[in-house]
Amino acid sequence: MGLVTVIPVGGLPEITAGADLAGLIAEAATGLADGDIVVITSKIVSKAEGRVARAGRQDAIDAETVRVVARRGHTRIAETRHGLVLAAAGVDASNTPPGTVVLLPEDPDGSARRLRKALRDRLGVRLGVLVTDTLGRPWRTGQTDAAIGAAGVAPVRDYRGTADTFGTPLEVTVAAVADEIAAAADLVKGKSAGIPVAVVRGLADLVTEADGPGARALIRAAADDMFRFGSADVLAARRTVRDFTAEPVDPAAVTRAVAAAITAPAPHHSTPWRFVVLESPQAQAALLDDMLAAWIADLRGDGFAEDQIARRVRRGEPLRRAPLLIVPCLHAEAAHRYPDDRRNAAEREMFVVAMGAAVQNLLVALAVEGLGSCWVSSTMFCRPVVTEALGLPDGWEPMGAVGVGHPAAPAPDRPPRDPAAFVITR
Ligand SMILES: Cc1cc2nc3c(=O)[nH]c(=O)nc-3n(C[C@H](O)[C@H](O)[C@H](O)COP(=O)(O)O)c2cc1C
């Protein structure tokens, strides 16, 4: 690898809808040659494509957002339809007439491909094209430019399987070269200087004949993303899952979820939560069979006919479909005892709600691990049977059961709930 040069392209006019961007760049960037990479700020691509909305900024952000990842005050970090996660869903009110906002290009990889072709048709040179936007980064101060669209540029350089200078094989290194080029180009572009295009020369090995996979290849798949959920959507990530794949559950993930569960609030500085983890199919079947017998006995006691009972218990039982079960138990030994029922009942409720807080923590932590869960009530309706089947220590009260596994399908969308309907203010 040799010298890399980054050349600002000045002299472009203010870009408006319908502008021939390739023509303007071809004129302004003299001496474009095979192997050069033309790096274009997405804002002028958006303007040329008419992606300027006469709308309030907040309304435009709403329209561009598919998922709010984090929020503080008016600041929203949101995922767009493209899968990009960025402030204000990429909606920008700077460098555009008052009352208008610039949206990201509809399909930045498509924009890059069209511009590449137009430049090639006009100049007869094989270029790479990147469309860039400025992104903030979690954990790091300041923004850098990144590639949101690419054509004819390998978006990554994969070093996995090669060796470092000591001969140690590299296992994870995939250099996001398209982002690195975007950031380098920003060093000479600059928003206030009004230079929205730069040419990066000296990286011809990254310029490909085909348009290639585009910048979409830089978007990490949700399943591989350890930071999938932000502070604004982590709670919504928990949904009741009643169908699971056969894939086993990693016991270490369950341990981490229990560790999260036991950070819940509880009365009197107590720690009243206990968990029985049923990993073995035999233990699971023994518990569920005993509970089924108890349920049938209850239904007979209610006076149901045998065929009605058979129909009832045949209904899908999510716990039977889960590869792992957790029985949360309440151990309320720290509860205070009062001479009257009123206060004893209140005391009991305090501990029950603390159990609810712990189970919610457990379920959210499982969701963060990519695991689905279903908290069902059944063990609460036959506690002696469960105590016997699980050999529970004294004072452990089963508080339902949680089926855990890899979801067979994503939970169906649920319309957002309006907090106003749940609140009265005094
Ligand atoms: C204490 C408790 C008991 C529940 N019992 C059952 C149950 O017996 N069977 C079931 O399918 N779901 C059960 N659920 C799950 C609810 O049906 C579920 O939370 C509700 O439909 C809302 O869906 P969501 O969890 O996806 O938000 C129970 C939930 C709680 C908190």
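Keep in mind the model is a prediction, meaning the values are calculated, not measured. Both ligands and their constituent atoms are indexed starting at 1 by order of listing.
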Residue, atom name and distance, where the atom is the protein heavy atom closest to atom 11 (O) of ligand 1:
Arg242 NE, 2.7 Å
Would you check whether Arg238 reaches within less than 4.0 Å of ligand 1, judged by its heavy atoms?
yes
Test Thr132 against Asp186 for side chain to side chain contact (heavy atoms under 4.5 Å, CB included), laying out the working first.
CA-CA 9 Å; Thr132 66; Asp186 189 47; over 6 Å; no
Distance to 0.1 Å, residue and atom name: give those for the protein heavy atom nearest to atom 30 (C) of ligand 1.
Trp375 O, 4.0 Å
Quick check: do Ile77 and Arg72 have side-chain heavy atoms less than 4.5 Å from each other?
no
Heavy atom of the protein closest to atom 6 (C) of ligand 1 (residue, atom name, distance)
Val376 CA, 3.5 Å
Give a yes/no verdict on a cation-pi contact between Arg417 and Phe422, requiring under 6.0 Å between NZ or CZ and the six-membered ring centre and an angle within 45° of the axis.
no
Atoms in ligand 1 with a heavy atom of Thr240 nearer than 4.0 Å
15 (C), 18 (C), 19 (O), 23 (O), 24 (P), 25 (O), 26 (O)
Pick from Arg239, Arg414, Met355, Met399: the one approaching atom 22 (C) of ligand 1 most closely through a non-hydrogen atom
Arg414
Compare every heavy atom of His268 with every heavy atom of Ala334, then report the nearest pair and how far apart it is.
O-CD2, 3.5 Å
Closest non-hydrogen contact found for Ala237 with Ala367 is O-CB, 3.7 Å
Among all protein heavy atoms, pick the one closest to atom 8 (O) of ligand 1 and tell me residue, atom and distance.
Ser377 OG, 3.3 Å
Can you see whether His82 engages Thr80 through a side-chain donor-acceptor pair at a distance of less than 3.5 angstrom?
yes
